[in-house]
Number of protein chains: 2
Amino acid sequence: MNKKIPQPTVIRFCSIYQLLCNLEKEGVKKVSSAELEEKTGVPSHTIRKDISFIGEVGNTGSGYEVAKLKQHILNNLGLNRERKACIVGLGRLGSGIIQWPLLAEGEFRIVAGFDSNINTVETIKTSISVFPSHEIADVVKRMGIELGIIAVPPARAQEVADRLMEAGVKGIVNFAPAIIKSRRDDCFIRNMDIGGELRILSAMMGMRSQ
Amino acid sequence: MNKKIPQPTVIRFCSIYQLLCNLEKEGVKKVSSAELEEKTGVPSHTIRKDISFIGEVGNTGSGYEVAKLKQHILNNLGLNRERKACIVGLGRLGSGIIQWPLLAEGEFRIVAGFDSNINTVETIKTSISVFPSHEIADVVKRMGIELGIIAVPPARAQEVADRLMEAGVKGIVNFAPAIIKSRRDDCFIRNMDIGGELRILSAMMGMRSQ
DNA sequence: ATTTTCTTGTGAAATATATCACAACAATAT
DNA sequence: ATATTGTTGTGATATATTTCACAAGAAAAT
Ligand SMILES: NC(=O)c1ccc[n+]([C@@H]2O[C@H](COP(=O)([O-])OP(=O)(O)OC[C@H]3O[C@@H](n4cnc5c(N)ncnc54)[C@H](O)[C@@H]3O)[C@@H](O)[C@H]2O)c1
Ligand SMILES: NC(=O)c1ccc[n+]([C@@H]2O[C@H](COP(=O)([O-])OP(=O)(O)OC[C@H]3O[C@@H](n4cnc5c(N)ncnc54)[C@H](O)[C@@H]3O)[C@@H](O)[C@H]2O)c1
């Protein structure tokens, strides 16, 4: 363990973590790599290899304890403290998302919203604080915000991302159908675009092989 | 060209396609692999290697014509005809998504919605047809629907996916925070979960290296 | 006309990831 | 007690992907 964890492994861990949360809610106590394969489609030897990067945590002969494996992933992925997030763009999508200020299983909390339209800022009804977007730098630093969610029109996405990075945000989820680039090697970006996902599916369908 | 296109290449093409659409709207006519690197962060040699899988399309010395490269990707990814999609789960998220029946740049059209709550089906105000979810198999076959979007609670996601696959859907975008598995090798699944994306960012942040 | 500057396309090499195969051990059955 | 079955963890191997390096050709400059 403690070697560098491959990126595909990190991404699978995040899926498996969600699965473990759901299993725990169902009252499942133990799970084997074969059962995880059955539920995720990821081959059991890949799952075991993944887990080997974060140390021995299973029981030879009887598999993994759900709670223990979950906690182990939590610790190794740095999810064991709540991180603060903000959202930029309070239109239809953004104002929907802030209705769930707690995200994932409570590992993230949206604490601030921004919009360039002062009218939106003044009239929106929400439980979190909202600000005009020229206050991004101030508020992000003051509140210790580490993550940003972008829900502005595509043509504005890169400039908003640049501002968030400038303010010190270290991770960005972008909902705009625009490819935005990290200009800092200490900030990571994930794009979430339903159109893009449909294109990927469409292309895979045309090639008949996962 | 015409070899099997690697999956990471397919995914990058989908990003680059969106970028080319946006560039075209801005009136940009030509672009080089170095400029694409500047805009996406993907190294120029990777971009050129990717493009080499779909044949020669650039001009030595002067780069790529935006319209031509875009069309070339469109053809090779099988995006050159509109595909029909349906959405299952017409709650807050699902009823929001059907307000945009045309997705991506018009390559996809949502033509039907389903919900298990008959009251929702009867009262929802929308321009697309809605049905109780026991009619999934019928409607999917009748309308020639190829893609499904899942927006039901996580505990219901796998059963809905199974029904869609049974009905003949070949690609699924899942918004529920649940890992769902394809039980058929001719159906592909993409999960879109903001919580999962935040976890991935969080993990990357903890490891300081993309 | 000739030189210089760009740029693509692609085999070859390097790196990263996934798969295999099995020793080691625990649980269960006989 | 012993045999059988089930399961993990991990080196070794195979496969996939990325990066490199440069020939070849077009455009621009001189
Ligand atoms: N709504 C959806 O279901 C959906 C689906 C797919 C993609 N998207 C994408 O998500 C993004 C948001 O969609 P939407 O429907 O909420 O759009 P919207 O037009 O309703 O809202 C955009 C908001 O961003 C604000 N804004 C604009 N420029 C800004 C800036 N520079 N700084 C801060 N705020 C700014 C606007 O004032 C507005 O409130 C868009 O990029 C859209 O393409 C949305
Ligand atoms: N709303 C968001 O912004 C958001 C954010 C993150 C994740 N999600 C996820 O997206 C999914 C939908 O969220 P939502 O807020 O729209 O939930 P919701 O409760 O508002 O809507 C769910 C809808 O699904 C229907 N449904 C339930 N079981 C069904 C079945 N078996 N077949 C067909 N329809 C069924 C319900 O009748 C309801 O209309 C959930 O999994 C949620 O966790 C939503």
Side-chain angles (χ1 to χ4, degrees), chain A residues 1-16 20 28-70 72-73 76 185 200 203-204 207 209-210, chain B residues 1-16 20 28-70 72-73 76 185 200 203-204 207 209-210:
Chain A
M1 70 175 282
N2 258 341
K3 300 150 206 161
K4 195 176 117 292
I5 305 176
Q7 189 133 321
T9 296
V10 169
I11 291 168
R12 283 191 295 267
F13 273 148
C14 291
S15 289
I16 287 175
L20 293 171
V28 177
K29 296 270 182 275
K30 302 204 92 183
V31 71
S32 70
S33 60
E35 289 163 345
L36 290 172
E37 167 169 4
E38 157 63 23
K39 294 197 177 293
T40 62
V42 178
S44 65
H45 49 247
T46 301
I47 290 173
R48 290 200 304 280
K49 184 71 162 181
D50 284 347
I51 294 173
S52 80
F53 285 104
I54 58 171
E56 302 187 20
V57 66
N59 307 104
T60 299
S62 70
Y64 304 92
E65 286 171 45
V66 171
K68 190 175 172 192
L69 179 55
K70 182 173 161 253
H72 211 69
I73 292 176
N76 279 277
D185 62 8
I200 292 169
M204 286 172 165
M207 307 203 296
S209 84
Q210 184 110 29
Chain B
M1 70 176 281
N2 257 343
K3 301 151 206 160
K4 195 177 118 293
I5 306 176
Q7 188 133 321
T9 297
V10 168
I11 291 169
R12 283 191 295 266
F13 273 148
C14 291
S15 289
I16 286 175
L20 292 171
V28 176
K29 295 272 184 273
K30 304 204 91 182
V31 71
S32 69
S33 59
E35 288 162 345
L36 290 172
E37 167 168 4
E38 158 63 22
K39 294 198 178 291
T40 63
V42 178
S44 64
H45 49 247
T46 300
I47 289 172
R48 290 200 304 280
K49 184 71 164 179
D50 285 346
I51 293 172
S52 79
F53 285 102
I54 57 172
E56 301 186 20
V57 66
N59 307 104
T60 299
S62 70
Y64 304 92
E65 287 170 44
V66 171
K68 190 175 172 192
L69 178 55
K70 181 171 161 255
H72 211 69
I73 292 176
N76 280 276
D185 62 7
I200 292 169
M204 287 171 164
M207 307 203 297
S209 82
Q210 185 109 32

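Residue numbering restarts at 1 for every chain, and letters A, B, ... go by the order of the sequence lines.
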Could you check how far CZ of B/Phe53 sits from C1' of C/dT8, rounded to whole Å?
15 Å
Summarise how protein sits on nucleotides 20-30 of chain D as a single string, 5' to 3': B when a protein heavy atom is under 4.0 Å from the base, S for sugar-phosphate-only contact, - for no contact.
SB--BBS----
Rounded to whole angstrom units, what separation is found between the CG atom of B/Asp50 and the P atom of C/dT8?
13 Å
Can you check the A/Ile51 CD1 to C/dA18 P distance for me, whole Å?
14 Å
Using whole Å, report how far CD of B/Gln7 lies from C1' of C/dA16.
16 Å
Round to a whole Å and report the spacing from CD of A/Glu56 to P of C/dC25.
11 Å
Can you list the residues that meet the salt bridge (charged side-chain N to carboxylate O under 4.0 Å, His left out) rule with A/Glu65, with sequence neighbours excluded?
none
Would you say B/Phe13 and B/Ile51 make side-chain contact, with heavy atoms under 4.5 Å?
yes
Give a yes/no on whether any side-chain N or O of A/Arg12 is located under 4.0 angstrom from OP1 or OP2 of C/dT17.
no
Is there side-chain contact between A/Thr40 and A/Ile47, with heavy atoms separated by less than 4.5 Å?
yes
Side chain to side chain, A/Asn59 and A/Ser62, heavy atoms closer than 4.5 Å:
yes
Main chain of A/Ile54, side chain of A/His72: is a donor-acceptor contact present, judged purely on distance under 3.5 Å?
yes
Choose from C/dA18, D/dT19, D/dT17 the nucleotide whose nearest atom is closest to any side-chain atom of B/Thr46.
D/dT19
Within the pair A/Ser33 and D/dT7, is there a side-chain N or O less than 4.0 Å away from OP1 or OP2?
no
Between C1' on D/dT10 and CD1 on A/Ile5, what's the gap in Å once rounded to a whole number?
16 Å
Counting side-chain heavy atoms from C-beta on, which of C/dG9, D/dT8, D/dT18 comes nearest to A/Ser32?
D/dT8
B/Glu35 has an atom CD; how far is it from atom C1' of C/dC6, in whole Å?
11 Å
Side chain proximity check, A/Leu36 to A/Val42, heavy atoms < 4.5 angstrom:
no
Given atom CD1 of A/Ile47 and atom P of C/dT17, what is their separation to the nearest angstrom?
18 Å
May I ask you to verify if any side-chain N or O of B/Tyr64 is less than 4.0 angstrom from the OP1 or OP2 atom of C/dG9?
yes
With a non-hydrogen cut-off below 4.0 angstrom, is B/Val42 in contact with a base, only sugar-phosphate, or nothing?
nothing
For the NZ atom on A/Lys30, are there more than 12 heavy atoms of other groups (residues, nucleotides or ligands in this structure) within a distance under 6.0 Å?
yes
